[in-house]
Amino acid sequence: AILANTATTSFTITLPASPATGDFVSFIDAGYTFDTKPLTIGRNSSNIANTAANLVINTEGAGFTLVYSGDATVGWTYRDK
């Protein structure tokens with residue numbers, strides 16, 4: 001789990017370059033500031049939720065988990081919705 005605190009500045013956390021099926025990572029807005037200073041999840045060449053783009057989180061208090069699906073088209077997907 002990554003307790004990300006963007007109270008000072010926005011920043012990017014980059015996903016692993018060679019994930020294995022079932023790998024997961026959790027992100028938590030530790031400072032409750034993603035709404036004013038978003039967190040960017042760098043995709044590192046894998047799709048995130050079927051999209052070839054980085055994921056920008058701008059919801060205050062957000063907490064979520066991404067799991068690698070093993071499918072290159074889907075890539076990382078949400079563990080819980």
Side-chain angles (χ1 to χ4, degrees):
I2 297 172
L3 297 172
N5 189 340
T6 60
T8 304
T9 187
S10 297
F11 57 89
T12 299
I13 295 174
T14 304
L15 293 168
S18 299
T21 302
D23 283 352
F24 66 93
V25 62
S26 298
F27 303 91
I28 300 167
D29 181 5
Y32 285 79
T33 54
F34 286 179
D35 58 329
T36 57
K37 295 186 176 94
L39 174 68
T40 299
I41 309 299
R43 66 187 196 93
N44 206 3
S45 77
S46 293
N47 284 353
I48 299 175
N50 210 37
T51 303
N54 292 336
L55 178 63
V56 177
I57 309 302
N58 58 6
T59 301
E60 180 181 351
F64 63 97
T65 300
L66 293 175
V67 60
Y68 189 70
S69 68
D71 179 319
T73 301
V74 174
W76 293 90
T77 191
Y78 296 98
R79 184 174 183 177
D80 301 309
K81 289 188 179 185

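Computed from heavy atoms alone, side chains included, the values below leave out hydrogens, waters and symmetry copies.
In this structure, L3 shares a hydrophobic cluster with I28, the cluster being traced through Ile, Leu, Val, Met, Phe, Trp and Tyr side chains under 4.5 angstrom apart.
In this structure, I2 is not a member of the same hydrophobic cluster as V56, with clusters built from ILVMFWY side-chain heavy atoms closer than 4.5 Å. If you chain together hydrophobic residues whose side chains sit under 4.5 Å apart, V74 and I48 never meet in one group. Under a hydrophobic clustering in which Ile, Leu, Val, Met, Phe, Trp and Tyr are joined whenever their side-chain heavy atoms come within less than 4.5 Å, directly or via other members, I57 and F11 fall into the same cluster.
Within the structure, side chain to side chain donor-acceptor pair (under 3.5 Å) contacts touching residues 43-71 (residues at least two apart or in different chains) are S26-T65. Residue pairs meeting the side chain to side chain donor-acceptor pair (under 3.5 Å) criterion with at least one member in residues 29-41, sequence neighbours excluded, are T6-T33. Each ring pair (Phe, Tyr, Trp, His ring centres under 6.0 Å) pair with one or both residues in residues 43-63, not counting sequence neighbours, would appear here, but there are none. The side chain to side chain donor-acceptor pair (under 3.5 Å) pairs that include a residue from residues 8-23 number zero, where partners must be two or more places apart or lie in different chains. Counting only residues at least two apart or in different chains, ring pair (Phe, Tyr, Trp, His ring centres under 6.0 Å) contacts with residues 34-62 are absent.
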Side chain to side chain contact (heavy atoms under 4.5 Å, CB included) evaluation trace for L66 with F24: CA-CA 5 Å; L66 293 175; F24 66 93; over 6 Å; no
Derivation of the side chain to side chain contact (heavy atoms under 4.5 Å, CB included) call for W76 and V67: CA-CA 5 Å; W76 293 90; V67 60; 5.5 Å; no
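You'll find the side chain of I13 reaches within 4.5 Å of the side chain of F27, heavy atoms only.
R79 forms no cation-pi arrangement with F64, by the criterion of a distance under 6.0 Å to the ring centre and an angle within 45° of the ring axis.
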